[in-house]
Student: 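The structure's right below; bear with me while I get my questions together.
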Amino acid sequence: VKLILKHTPDLKINNKCIELACGNNNYELIKFYLDKGLHPNIECLLNVCSTVNSKLIKLILNYRIIPISKCIYSLFNNNNKERNYYYYGSRYEYQKIIDIFINYGYIPTYEDIEFLLSKKCMIKDIYRFNINLDCNIRKKHSIKTLIRRLHHSNKTILINIHRIITSFIT
């Protein structure tokens with residue numbers, strides 16, 4: 001990049017450049033743009049969340065960007081084929097990033113909690129956000145877990161249990 005800028009001085013660098021670099025998981029390029037005076041925005045944070053790279057996420061959050069709910073969804077709906085949620089060790093990485101979001105001012109909603117529970121993640125000391133885990137969210141999560149476990153063991157039993165549970169809930 002430095003070589004290109006040296007030979008083409010009229011080339012303009014704008015925020016779209018840093019947004020694209022954030023989506024490509026390129027620490028050196030992002031650092032270069034930050035050193036050139038570009039300031040990341042929420043779109044940069046959303047893009048960097050899809051890379052599941054805690055080092056980059058912290059770098060962007062240090063520019064006083066407060067994480068929002070979209071960041072959580074971007075974190076889990078990443079397009080990175082090499083590394084998905086079931087990759088060994090990645091659950092720890094996802095949990096680490098969620099903790100980082102909380103430390104940088106993220107305030108989860110009830111829907112965010114449901115989503116995180118479905119991904120087997122948690123928010124420590126959830127009651128400080130005035131969110132009570134009522135019976136509905138616990139029942140819904142435990143039923144989904146039961147169905148998923150049974151799915152792997154026997155599909156015919158799964159169908160019958162699913163019918164029973166569905167009739168019980170409604």
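Keep in mind that what you see is a predicted model, and the values were worked out from it rather than measured.
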Student: Applying side-chain hydrogen bond (donor to acceptor under 3.5 Å, both in side chains), which residue pairs with at least one partner in residues 13-23 are found, sequence neighbours left out?
Tutor: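 Those involving residues 13-23 are E19-N41.
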Student: Closest approach of S74 and C49, non-hydrogen atoms and distance?
Tutor: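 Closest heavy-atom pair between S74 and C49: OG-CB, 3.8 Å.
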Student: Should L45 and Y94 be regarded as members of a common hydrophobic cluster, given that ILVMFWY residues are connected when their side-chain heavy atoms come within less than 4.5 Å of each other, either directly or indirectly?
Tutor: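 In one cluster with L45: Y94, yes.
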Student: Would you please name every residue forming a side chain to side chain contact (heavy atoms under 4.5 Å, CB included) with K96, sequence neighbours left out?
Tutor: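 Residues passing side chain to side chain contact (heavy atoms under 4.5 Å, CB included) with K96: S54, Y92, E93, I100.
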Student: If you measure from CG on D35 to CD1 on I30, what distance do you get to the nearest 0.5 Å?
Tutor: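 Going from CG on D35 over to CD1 on I30, the span is 12.0 Å.
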Student: Going by ring pair (Phe, Tyr, Trp, His ring centres under 6.0 Å), name the residues that satisfy it together with F115, two or more places apart in sequence or in a different chain.
Tutor: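 Testing F115 for ring pair (Phe, Tyr, Trp, His ring centres under 6.0 Å), a comparison that skips the adjacent residues, returns Y73, F76.
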Student: Cluster question for you: counting only ILVMFWY and a side-chain heavy-atom cut-off of under 4.5 Å, with indirect links fine, are I113 and I72 together?
Tutor: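 Looking at the clustering, I72 is in the same group as I113.
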Student: Residues in side chain to side chain donor-acceptor pair (under 3.5 Å) with D99, at least two apart?
Tutor: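 Partners of D99 by the side chain to side chain donor-acceptor pair (under 3.5 Å) criterion, ordered by chain and then number, come out as Q95, K124.
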Student: Of all residues at least two apart in sequence or in a different chain, which pass the side chain to side chain donor-acceptor pair (under 3.5 Å) check with D112?
Tutor: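 Side chain to side chain donor-acceptor pair (under 3.5 Å) list for D112, sorted by chain: S69, Y106, T109.
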Student: To the nearest 0.5 Å, tell me how far I57 CD1 sits from I65 CD1.
Tutor: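 I57 CD1 to I65 CD1: 12.0 Å, rounded to 0.5 Å.
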Student: Could you give all pairs that pass the salt bridge (charged side-chain N to carboxylate O under 4.0 Å, His left out) test and reach residues 52-66, with sequence neighbours left out?
Tutor: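 Every pair satisfying salt bridge (charged side-chain N to carboxylate O under 4.0 Å, His left out) with a residue in residues 52-66: there are none.
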Student: Report yes or no: do I123 and I68 belong to one cluster of Ile/Leu/Val/Met/Phe/Trp/Tyr joined by side chain heavy-atom distances under 4.5 Å?
Tutor: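 Linked, I123 and I68 end up in one cluster.
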Student: Which heavy atom of L29 sits nearest a heavy atom of A21, and at what distance?
Tutor: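 Heavy atoms of L29 and A21 come nearest at CD2-CB, 3.9 Å.
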Student: Linking I/L/V/M/F/W/Y whenever any side-chain heavy atoms sit under 4.5 Å apart, do L46 and Y27 land together?
Tutor: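 Shared cluster, no.
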Student: State, to 0.1 Å, how close T51 and C22 come at their nearest heavy-atom pair, and which atoms those are.
Tutor: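 Heavy atoms only, the tightest pair is CG2-O, 3.5 Å.
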Student: Enter the distance from L20:CG to E43:CD here, rounded to the nearest 0.5 Å.
Tutor: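 Result: 9.5 Å between the selected atoms.
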Student: Work out which heavy atom in P40 is nearest to a heavy atom in L34; give both atom names and the distance.
Tutor: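 The answer is CD-CD2, 3.5 Å.
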Student: Is there a path from Y104 to I66 through hydrophobic residues (I, L, V, M, F, W, Y) whose side chains come within less than 4.5 Å of each other?
Tutor: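 No: no chain of side-chain contacts under 4.5 Å links Y104 to I66.
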Student: Other residues, nucleotides and ligands only: do more than 12 of their heavy atoms fall within 6.0 Å of CD1 on I102?
Tutor: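 Yes, because the 6.0 Å sphere around CD1 of I102 holds more than 12 heavy atoms from other groups.
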Student: Report the distance from atom CD1 of I60 to atom CD1 of I18, rounding to the nearest 0.5 Å.
Tutor: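 Between atom CD1 of I60 and atom CD1 of I18 there are 5.0 Å.
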